[in-house]
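Structure first, commentary second.
The chains referred to below are lettered A, B, ... by the order of the sequence lines, with proteins before strands, and numbering in each begins at 1. We use all heavy atoms of the structure for the numbers below, so side chains are in, but hydrogens, waters and symmetry mates are not.
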Amino acid sequence: MQNRSLSFWLFLTPVIMGLGIVVVIPFLYGLFYSFTDWNGITANAFIGFENYIKLFQESEFMDSIWFTVKFAVVTVILLNIMGLGLALLVTRNIKSGNLLRTVFFMPNLIGGLILGFIWQFIFISVFGDIAGLTGIEGLNGWLSTTNTGFWGLVILTAWQMAGYIMIIYIAYLENIPKELIEAAKIDGASSFQRFKNITFPLVAPAFTVSMFLTLSMAFKIYDQNLSLTNGGPFNSTQMVAMEIVRTAFSDNQMAYAQAKAVIFFLIVAVIALTQVYYNKKREVEM
Amino acid sequence: MKRNKFYSGIATALLASTVALSGCSFGSDDSSSSDDNASGDAVTVDVFQFKVEFKDQFEELVSMYEEENPDVNINVKTVGGGNDYGASLKTSFSSGEEPDIFNVGGPTDVDEYEKYLADLSDTDAANAALEGTLSGVSRNDQVLGLPFNQEGYGLLYNKKVFEEAGINAEEITTFEALEEAVQTLEDQKGELGIDAPFAFPAKEKWVIGNHLANAYIADEFNNDIMEAYEADTIEFQMGDQMKRFVDLQNEYSVQPTLSLDYSQQVEENFSLGKVAMIQQGNWVYNTVESMDPEFAENNVGILPIPVEGYEGSIPVGVPNYWVVNKESEEEVVQASKDFLDWMYTSEKGKQFVTEEFKFIPAYEGYEDQEIADPISQEIYEYANEGNTLGWVFLGAPTGWTEDAFGVAVQEYLAGDISWEEVEQRATKAWEDARQ
């Protein structure tokens with residue numbers, strides 16, 4: 001606190017303003033509206049916790065939360081394994097290392113909506129054609145059942161985000177002192193032992209960061225969901241964000257949707273904070 | 001001491017931000033006032049409309065009007081169809097940038113925006129509107145909206161394929177006849193070069209929930225949108241027929257139907273001649289034309305959806321209405337009304353509406369105009385002869401058609417629930433919404 005002078009606060013001002021205008025104030029407004037019967041134009045009555053009580057009884061909302069949780073668990077595990085795997089691959093001294101980094105990172109540059117449509121084409125037309133040629137029935141209609149729709153979303157997300165997570169792991173991997181590895185080599189540690197006892201503990205901070213990123217991203221996913229399956233079939237692949245948008249804009253229940261959003265916020269906040277707390281405890285100092 | 005410093009810090013930050021903010025607002029004030037000066041005492045009308053398909057043509061019409069009336073300045077803003085439009089409209093209202101002319105879909109929207117809607121019963125367009133087209137937007141003898149156009153739907157079919165298969169489309173008015181035709185097509189799939197008789201886009205909840213359902217529930221509400229709007233429950237009196245029609249389309253469709261969407265249905269399958277029939281309306285014309293102009297011009301016909309008691313009728317209705325914002329200044333309201341009148345009742349306007357917008361007019365006085373595309377022509381004929389079914393789905397509770405009924409049918413198609421459960425669930429959702 002001592003050295004926080006006037007200039008410190010002046011430099012901070014734009015950020016505080018930005019945060020206040022686009023995050024804090026709307027959030028407080030939203031919190032207020034979730035206790036009313038607001039329909040987007042007027043709020044007539046203050047109805048207390050009615051919206052909140054209603055949403056816990058609604059199966060559609062609960063289904064979408066459950067679906068999202070399953071999705072988050074699978075993608076977080078998959079993305080971190082893939083991210084670390086790719087990072088290990090490209091940090092070896094192979095010739096095409098830099099090229100591969102670019103290639104793996106590339107999908108992340110494509111916007112979610114476009115990506116969804118690209119994969120929709122792959123899942124429906126390409127998979128269909130392959131099924132027609134090889135006679136593998138399992139490849140037909142990937143987006144028409146709940147189960148394959150789920151895996152479709154997982155594949156899409158993994159493909160898009162793995163490169164991004166890889167970058168984080170690369171940053172930490174390259175910070176590991178060469179001497180440590182060398183010393184271990186001289187002591188006769190196998191490559192698996194080196195990975196398990198040196199590399200893995202030292203990239204633990206990267207786990208904290210990338211797990212937080214993947215977790216919050218998996219929960220908040222919307223555009224990929226919209227363009228790939230649009231929640232179908234029968235809203236069974238509908239994630240929470242999409243369910244909320246639908247409640248607000250197609251069912252026209254703004255305040256109710258707002259209540260759902262508040263609950264959603266709490267869930268994500270609790271899970272993410274818990275995760276960061278535990279990961280932090282596990283990190284080792286170099 | 002430390003605390004104090006913290007608070008004084010916050011205070012500084014806030015002070016700085018006020019300065020910055022007020023700086024911004026001065027800037028924008030300046031620019032807007034200079035704008036006003038430039039346009040003199042012209043009336044400015046802000047239009048916020050949703051029909052993306054005719055954006056360019058509409059803007060052309062607007063500039064024609066502005067040339068004729070130099071003291072009127074019309075700004076057009078277009079935001080994509082469906083939910084996006086509703087959301088953006090709400091946003092502009094809650095942010096205080098209320099448009100002067102905007103669109104509403106039906107009775108539900110009218111209720112929501114009622115306090116903003118000006119009475120349009122004194123306009124020429126309202127007087128010329130075809131009988132029945134205003135019922136959804138009339139309240140206490142006031143006409144609150146003017147219809148965009150009429151739309152109709154049924155089973156669009158490929159004339160060439162039907163001919164080759166030896167099917168006479170005019171004979172298909174009953175369910176049995178349709179089933180027979182479908183069977184014939186199915187048997188000759190190979191020779192006809194089609195993949196299946198139908199492309200049934202079960203992924204699109206609106207195709208099932210809005211249009212398919214409408215054909216079989218219209219009778220229950222006497223083909224009157226307001227009756228549907230006031231109904232406390234829905235009984236599915238024609239539920240069996242509806243099931244039969246869903247099953248027929250689903251069974252003889254390109255598979256898997258649950259991931260088949262609108263663009264695959266219209267572009268890939270129908271326009272490229274891979275299927276013989278699709279359930280759609282005149283709005284697909286431009287898409288089909290862009291894929292294959294020759295096919296669109298000569299080979300697309302429309303068959304009625306078979307409904308007992310309504311053989312040979314197709315559902316025709318008004319999908320959207322123009323409304324004028326009552327809260328705007330008086331001269332703006334008047335200018336808005338004049339513009340809408342001009343669009344639908346002047347010679348130039350009428351010509352534009354049919355030729356450029358390719359609308360099926362919802363107004364009288366279009367007898368000498370030529371309707372642009374063959375699908376619309378056929379629908380206009382059905383409407384003229386009075387062979388129509390009501391367009392009642394806009395009177396269903398908000399979200400019911402897609403999120404209650406459409407979803408239930410999808411589950412039925414996936415084999416998860418029975419048809420009875422579809423009806424039960426949809427009925428319950430209707431009743432819950434109307435409590």
How about CD on B:Glu97, more than 12 heavy atoms from neighbouring residues, nucleotides or ligands closer than 6.0 Å, or not? no

Before giving the answer on side-chain contact (heavy atoms from CB on, under 4.5 Å), spell out for B:Leu413 and A:Phe234 the whole-Å C-alpha distance, their side-chain angles and the decisive distance to 0.1 Å. CA-CA 10 Å; B:Leu413 293 175; A:Phe234 45 88; over 6 Å; no

So B:Thr398 and A:Gln253, do their side chains get closer than 4.5 Å, heavy atoms only? no

Is the number of heavy atoms from other residues, nucleotides or ligands under 6.0 Å of A:Lys70 NZ greater than 12? yes

d(B:Asp403 CG, A:Asn235 CG) to nearest 0.5 Å is 5.5 Å

About how many Å separate OG1 of A:Thr145 and CG of B:Asp416, when rounded to the nearest 0.5 Å? 10.0 Å

Contact listing (chain A partner; residues 419-435 of chain B; heavy atom under 4.5 Å): none

A:Asn230 to B:Lys203 - nearest heavy-atom pair and separation: CB-CE, 4.4 Å

Could you tell me which portion of B:Gln264 (side chain, backbone, both or neither) has an atom closer than 4.5 angstrom to a non-hydrogen atom of chain A? side chain

Structural part of B:Tyr116 lying under 4.5 Å from a heavy atom of chain A: side chain

Using heavy atoms and a sub-4.5 Å threshold, report which of residues 115-131 of chain A line up against chain B, by residue number. A:Gln120, A:Ile124

Within a reach of under 6.0 Å around CD of B:Glu267, are more than 12 heavy atoms found that belong to other residues, nucleotides or ligands? yes

Rounded to the nearest 0.5 Å, how far does OG1 of A:Thr146 lie from CG of B:Leu258? 9.0 Å

